[in-house]
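Scope of the values below: all heavy atoms of this structure, side chains included, with no hydrogens, waters or symmetry mates. Worth saying up front: this structure is predicted, and the values here are computed from it rather than measured.
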Amino acid sequence: MSASASAGLRSWAWLFIFCYTATQFSFWTVETADSFSIIDGGIPAMADLVRTVIKEHNNHVDNWIITHPHPDHMGAFNRIMQDDAVSITIDHLYTVEFPLEAYEQIARDVDDIDTYYTFLDTTQTLEDKNILSVEYLHEGDTLHLGDSQLKVYSEYTPEIIERNLDLPNSSSLIFKISGKKQSMLFFADFEDAELADKLYEKYGHELDATYIQLGHHGNNALAPSYYLNLHPSAVYADAPYFLYTGEQYKCKNTLAYLKDHDVACYTFHGAPHRVYVR
């Protein structure tokens with residue numbers, strides 16, 4: 001267990017955030033005394049793992065948040081909803097509002113846009129059957145995850161297309177989940193330094209967090225000092241061995257810099273990790 005509370009649980013109000021898997025996919029859960037939420041879920045091959053975790057919570061998901069339309073974030077959701085939607089109750093499905101027409105014009109092979117088409121088709125079928133409907137999150141929105149709060153700080157903006165940035169990754173939802181005294185900031189696959197600077201200019205130390213999930217598996221254009229300026233005690237890179245050790249990837253240097261500044265750093269080595277957010 002990485003970043004746990006040695007003092008134990010002092011009351012019924014608690015917030016655990018779990019990071020699963022050991023490869024370059026994203027699957028997090030957020031658990032409070034009275035709610036269970038999922039962030040992303042990974043590729044289709046991870047569906048069995050995600051399904052197992054959902055079963056442990058009586059097949060009920062209060063909130064499922066898909067941060068952006070890439071297969072390593074929404075693929076497992078697609079598979080589960082295609083195969084087993086009727087046995088799972090999802091109260092709210094949230095994602096980013098995204099310009100499909102623009103995406104179709106610039107999508108690369110690595111984006112696997114068919115995954116997004118599958119998401120749109122699947123969720124439309126579920127909505128037609130009154131099983132589930134998509135809700136879009138926007139900057140400034142807040143959600144209540146049991147006794148905790150989630151606030152959204154970034155989403156898709158037209159500037160992403162105007163500057164010819166990586167459309168899916170740069171449109172990632174950035175949000176912070178806050179407990180009573182601590183918090184965790186999620187960057188999903190966000191990776192642009194200029195957008196990050198504008199985000200900080202707008203929100204400043206409101207972005208500070210006890211724990212941070214590094215953008216784009218730790219392999220992004222944000223300077224390590226950017227994360228350090230948010231005063232984390234620990235950071236998490238959704239990164240497998242090749243990514244956090246490879247000289248050609250920025251993740252290795254980012255983690256080394258943060259470790260040199262006494263920030264605890266966690267990768268998928270030893271996952272799943274459990275984060276207790278007081």
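Residue Ile80 comes nearest to Ala47 through the heavy atom pair CD1-O, 3.7 Å, listed as atom of the first residue, atom of the second, then distance. Here the closest non-hydrogen pair linking Pro224 and Leu258 is O-CD2, 3.8 Å. When all heavy atoms of Cys265 and Leu255 are compared, the closest pair comes out as SG-O, 3.6 Å. Closest heavy-atom contact between Asp34 and Gly146: OD1-CA, 3.1 Å. Here the shortest heavy-atom pairing between Ser35 and Asp62 reads CA-OD2, 3.3 Å. Considering all non-hydrogen atoms of both residues, Ser183 and Val277 come closest at N-CG1, 3.5 Å.
The backbone N or O of Leu167 sits nowhere less than 3.5 Å from a side-chain atom of Ser170 that would complete a donor-acceptor pair. Looking at Ser233, its side chain does come within 3.5 Å of a backbone N or O of Thr210 through a donor-acceptor pair. The backbone N or O of Asp40 lies less than 3.5 Å from a partner atom in the side chain of Trp64, making a donor-acceptor pair. Checking side-chain atoms of Gln213 against main-chain N and O of Phe187 turns up a donor-acceptor pair under 3.5 Å. A donor-acceptor distance shorter than 3.5 angstrom exists from the side chain of Lys176 to the backbone of Glu206, with no hydrogens or angles considered. Judged by distance alone, the side chain of Asn220 and the main-chain N or O of Asp189 form no donor-acceptor pair under 3.5 Å. Distance alone, capped at 3.5 Å, is enough to place a donor-acceptor pair between the Glu155 side chain and the Glu139 backbone. Distance alone, capped at 3.5 Å, is enough to place a donor-acceptor pair between the Asn78 side chain and the Thr115 backbone. Here the side chain of His273 pairs no donor or acceptor atom with the backbone of Ile17 at under 3.5 angstrom.
Under the rule for a ring pair (Phe, Tyr, Trp, His ring centres under 6.0 Å), His60 has no partner lying at least two apart in sequence or in another chain. With sequence neighbours excluded, the residues that form a ring pair (Phe, Tyr, Trp, His ring centres under 6.0 Å) with His57 are Phe36.
In this structure, Lys250 does not pair ionically with Glu191, as no charged nitrogen and carboxylate oxygen lie closer than 4.0 Å. With respect to Arg163 and Asp192, a salt bridge is recorded, a charged nitrogen being found less than 4.0 Å from a carboxylate O.
Note on ring orientation: taking the six-membered ring where Trp is involved, the planes of His73 and His68 are tilted (angle from 30° to 60°).
The ring of His138 has its center no closer than 6.0 angstrom to the ring center of Tyr136. Ring-centre distance between Tyr200 and His205: below the 6.0 Å cut-off.
Put simply, the side chain of Tyr117 reaches to within 4.5 Å of the side chain of Asp114, judged on heavy atoms. With contacts defined as side-chain heavy-atom distances shorter than 4.5 Å, the pair Gln124/Asp128 qualifies. The side-chain heavy atoms of Arg51 and Ile88, taken from C-beta on, include a pair separated by under 4.5 Å. Residues Phe190 and Ser154 have side chains in contact (heavy-atom distance under 4.5 Å, counting atoms from C-beta outward). Phe175 places none of its side-chain heavy atoms less than 4.5 Å from the side chain of Asp141. Counting only heavy atoms from C-beta outward, the side chains of Arg274 and Phe18 approach each other to under 4.5 Å. Residues Ile90 and Phe77 are in side-chain contact: their nearest non-hydrogen atoms beyond the backbone lie under 4.5 Å apart. With contacts defined as side-chain heavy-atom distances shorter than 4.5 Å, the pair Leu207/Tyr226 qualifies.
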Apply side chain to side chain contact (heavy atoms under 4.5 Å, CB included) to Phe186 and Leu173, showing your working.
-> CA-CA 8 Å; Phe186 287 83; Leu173 292 169; over 6 Å; no
Checking side chain to side chain contact (heavy atoms under 4.5 Å, CB included) for the pair His70/Asn169: CA distance, chi angles, key distance, verdict?
-> CA-CA 8 Å; His70 262 165; Asn169 286 342; 3.1 Å; yes
Does the side chain to side chain contact (heavy atoms under 4.5 Å, CB included) test come out yes or no for Ile65 and Val30, once each step is laid out?
-> CA-CA 11 Å; Ile65 302 165; Val30 182; over 6 Å; no
Go through the steps for Glu127 and Thr123 under the test side chain to side chain contact (heavy atoms under 4.5 Å, CB included), then give the verdict.
-> CA-CA 6 Å; Glu127 186 167 351; Thr123 52; over 6 Å; no
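For the pairing with Val152, the side chain to side chain contact (heavy atoms under 4.5 Å, CB included) check across Thr142, Leu137, Leu143, Ile174 returns one residue only, Leu137.
Note that CD1 of Ile66 and CD1 of Ile38 are 8.5 Å apart. Values are rounded to the nearest 0.5 Å. In this structure, CG in Leu93 is found 9.0 Å from CG in Leu126, a value given to the nearest 0.5 Å. Taking OH of Tyr227 as the start and OH of Tyr257 as the end, the distance is 13.0 Å to the nearest 0.5 Å. The line from OH of Tyr266 to OH of Tyr244 is 13.5 Å long, rounded to the nearest 0.5 Å. In this structure, the separation between OG on Ser148 and NZ on Lys180 is 8.0 Å, given to the nearest 0.5 Å. Within the model, atoms OG1 of Thr157 and CD of Glu162 stand 7.5 Å from one another, a figure rounded to the nearest 0.5 Å.
Legend: salt bridge (charged side-chain N to carboxylate O under 4.0 Å, His left out) pairs involving residues 101-110, not counting sequence neighbours, sorted by first then second residue: Arg108-Asp111, Arg108-Asp166.
Few gaps surround CG on Asp260; more than 12 heavy atoms of other groups in view lie less than 6.0 Å from it.
Between the side chains of Asp91 and Thr89, not a single donor N or O lies within less than 3.5 Å of an accepting N or O.
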